[in-house]
There are 2 protein chains.
Amino acid sequence: MGDRRIPEATVARLPVYLQVLVEAAEAGTLTLSSDDLARASGLNSAKVRKDLSFLGTYGTRGVGYDVAELTTEISEVLGLSVDRAVIIIGVGNLGSALASYDGFDRRGFKVAALLDADPARIGTCVGGHEVRDAAELPAIVREQDVTFAVIAVPAGRAQEVADVAVAAGVSALLNFAPTHLTVPDHVTCRTVDLSTELQILSFYEQIADGPSAAAG
Amino acid sequence: MGDRRIPEATVARLPVYLQVLVEAAEAGTLTLSSDDLARASGLNSAKVRKDLSFLGTYGTRGVGYDVAELTTEISEVLGLSVDRAVIIIGVGNLGSALASYDGFDRRGFKVAALLDADPARIGTCVGGHEVRDAAELPAIVREQDVTFAVIAVPAGRAQEVADVAVAAGVSALLNFAPTHLTVPDHVTCRTVDLSTELQILSFYEQIADGPSAAAG
DNA sequence: CGTTGTGAAGGAGTTCACAGCA
DNA sequence: TGCTGTGAACTCCTTCACAACG
């Protein structure tokens, strides 16, 4: 305790705990032990306790963690107590699916605009949002104080789109294009790529099926 | 060298290298140094060399790595040289987007079927594939030798759907539902959750904006 | 008595730095 | 000379094990 820096690996697990806590609250559960949290998250209890210890001391020995209290604490640490405006750039298949995704709102992320460069798409309505011209990006970012951009354009366009978004003032990018994006230090970028995930799965599936699979 | 076990962290980066290699090949580049690969992947050259050393020795000192050779090698290690049949379970917004995603085919993943439990969706056509009754899952898996399942159903249904898929013989799951799935040891499962990604971004964005942001 | 919080040990992944080779 | 391949050092993360506490 006393240390303010939360390890990267811990940060990546906090959303999972939050998920479990929200479900527990809906089910009327008031407290959860580190072991309960671990089972629901697919982890072990020591890891859970270590992770939560970075947030401060919030458990009660012999009892566990207060669901409501821990929910608030994790939300605050993750910066979810403030609403954030998000734009989705690229309204193809994936961008459209994201625009209709209700998980944004439920976690305090407000979709400020959908943007596309294709004139055929501009003006259409997707997931309750009107598609606007990509050229309006800087104005929208400034007017609506947008901090997050979801990039759902083809790989070849991703870097230029990211550059424009960053120049306009966006400080966090969620990139669905299968390319590494170079961004300034003050900008955070995460890339999620379906192909990559499938290929990782492929490796482990292959190993499991391999010669030493059912070896005893 | 000599060790057959490839570290998890390395496996997770191989698809990124593959991506860069394919792009290089399309551009007519014949060799890439570890530094070239590193820059294009957002890593450093020592890490790239270490990673590639686990595959065997494929670079030429003073020159770099042969693009074609390394592409083949990584593809083989990842098990991409064999075509694999994939089913997509759940044809909502995300499932539909995935069904229309061309990245599956390009990497040797063949969409064998789309499945949904909603009668209103069964029989419709999405992304060139007919939506079939979820009850047909076991038959489809057996007949078409399906090894991968993409789960794009609501969180509350994900575990039961996973259980059915595993029982039918699927051995790798890509889960888009925001829940941890419990699967037998011989099954590989990866969960990709948009909310989680956004929340992780939120943490770092908040830190960057915080009191000590531009401190020197 | 049950569960947390945490030092200490152990293991995994990263970076360094340079010998070895084309 | 330039770039790879790799032992060794280092940093980060996980697991253990148990004292502290409600």
Side-chain angles (χ1 to χ4, degrees), chain A residues 1-17 20-21 24 29-70 73-74 77 180 200 203-204 207, chain B residues 1-17 20-21 24 29-70 73-74 77 180 200 203-204 207:
Chain A
M1 100 193 212
D3 200 345
R4 265 267 151 274
R5 178 155 269 95
I6 300 180
E8 214 174 309
T10 296
V11 171
R13 282 187 296 263
L14 292 180
V16 181
Y17 300 144
V20 173
L21 287 164
T29 308
L30 296 178
T31 61
L32 286 177
S33 69
S34 60
D35 202 53
D36 296 333
L37 274 164
R39 248 192 302 266
S41 315
L43 306 166
N44 65 65
S45 63
K47 199 182 276 184
V48 171
R49 289 199 300 278
K50 216 8 135 202
D51 282 344
L52 298 184
S53 77
F54 290 112
L55 312 187
T57 301
Y58 283 91
T60 306
R61 288 162 204 248
V63 179
Y65 299 85
D66 183 273
V67 170
E69 199 176 354
L70 190 54
E73 178 60 16
I74 294 181
V77 167
H180 165 76
I200 296 171
F203 175 83
Y204 290 108
I207 296 287
Chain B
M1 98 194 214
D3 200 346
R4 265 269 151 274
R5 176 157 271 95
I6 301 179
E8 212 174 308
T10 295
V11 171
R13 283 187 295 263
L14 292 180
V16 181
Y17 301 144
V20 174
L21 288 164
T29 308
L30 297 178
T31 61
L32 287 177
S33 68
S34 60
D35 202 54
D36 295 333
L37 274 164
R39 250 191 301 267
S41 314
L43 306 166
N44 65 64
S45 63
K47 199 182 277 183
V48 171
R49 289 200 300 278
K50 216 7 142 213
D51 283 344
L52 298 185
S53 77
F54 290 113
L55 312 187
T57 302
Y58 283 90
T60 305
R61 288 163 203 247
V63 179
Y65 300 86
D66 183 273
V67 170
E69 200 177 355
L70 191 54
E73 179 60 17
I74 294 180
V77 168
H180 165 75
I200 296 171
F203 176 83
Y204 290 108
I207 295 288

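Below, chain A is the first sequence line, B the second, and so on; all start at residue 1.
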Original post:
Do L21(A) and V67(A) come within less than 4.5 Å of each other through their side chains, counting heavy atoms only?
Top reply: yes
Original post:
Between dT4(C) atom C1' and D36(A) atom CG, what is the distance in whole Å?
Top reply: 13 Å
**OP:** Starting at NZ of K50(A), measure out to OG of S45(A) and round the result to the nearest 0.5 Å.
**Re:** 12.5 Å
Distances under 3.5 Å only, N/O to N/O: pair up the protein atoms with those of nucleotides 19-22 of chain D.
from: dA20(D); atom 1: N3; to: R61(A); atom 2: NH1; distance (Å): 2.7

Original post:
How long is the gap from CG on L32(B) to CZ on R39(B), to the nearest 0.5 Å?
Top reply: 10.5 Å
**OP:** Let me know the distance between CG of D35(B) and P of dC16(C), rounded to the nearest Å.
**Re:** 13 Å
Under 3.5 Å between N/O atoms: give me all the protein pairs with nucleotides 11-14 of chain D, atom names plus distance.
from: dT14(D); atom 1: OP1; to: R13(A); atom 2: NH1; distance (Å): 2.9
from: dT14(D); atom 1: OP2; to: R13(A); atom 2: NH1; distance (Å): 3.4
from: dT14(D); atom 1: OP2; to: R13(A); atom 2: NH2; distance (Å): 2.8

**OP:** To the nearest 0.5 angstrom, please state how far the CG atom of L43(A) sits from the CG atom of L37(A).
**Re:** 9.0 Å
Original post:
Which atom pair, heavy atoms only, marks the closest approach of P15(B) to V11(B)?
Top reply: CD-O, 3.1 Å
Subject >> Atom pair CD/CG of E69(A) and L30(A) - distance to nearest 0.5 Å >> reply: 12.5 Å
Original post:
Whole-Å distance between dC3(D) P and L37(B) CG?
Top reply: 13 Å
Original post:
Does Y65(B) place a side-chain N or O at less than 4.0 Å from the phosphate oxygens OP1/OP2 of dG5(D)?
Top reply: yes
**OP:** Scan residues 51-66 of chain B for pairs that pass salt bridge (Lys or Arg N to Asp or Glu O under 4.0 Å), counting only residues two or more places apart or in two chains.
**Re:** R13(B)-D51(B)
Subject >> Results of side-chain contact (heavy atoms from CB on, under 4.5 Å) for V16(A) - residues two or more places apart only >> reply: S41(A)
Subject >> Spatial distance of atom CG (L70(B)) from atom CG (L55(B)) [nearest 0.5 Å] >> reply: 7.0 Å
Original post:
Can you tell me if the side-chain N/O atoms of S34(A) get under 4.0 Å from OP1 or OP2 in dT4(C)?
Top reply: yes
**OP:** Mind checking side-chain contact (heavy atoms from CB on, under 4.5 Å) for S33(B) and listing every partner two or more places apart, or none if nothing turns up?
**Re:** D35(B), D36(B)
**OP:** Please report, rounded to the nearest Å, how far the P atom of dG11(C) is from the CZ atom of R5(B).
**Re:** 15 Å
Original post:
What's the OH-C1' distance between Y58(B) and dC21(C), to the nearest Å?
Top reply: 18 Å
Original post:
Bend angle of the helix from dC1(C)-dG22(D) to dA22(C)-dT1(D) from five-pair axes at both ends, rounded to 10°?
Top reply: 10°
Original post:
Taking atom CG of L14(A) and atom CD of E73(A), what is their separation to the nearest 0.5 Å?
Top reply: 9.5 Å
**OP:** Could you check how far CZ of R49(B) sits from P of dG7(D), rounded to whole Å?
**Re:** 14 Å
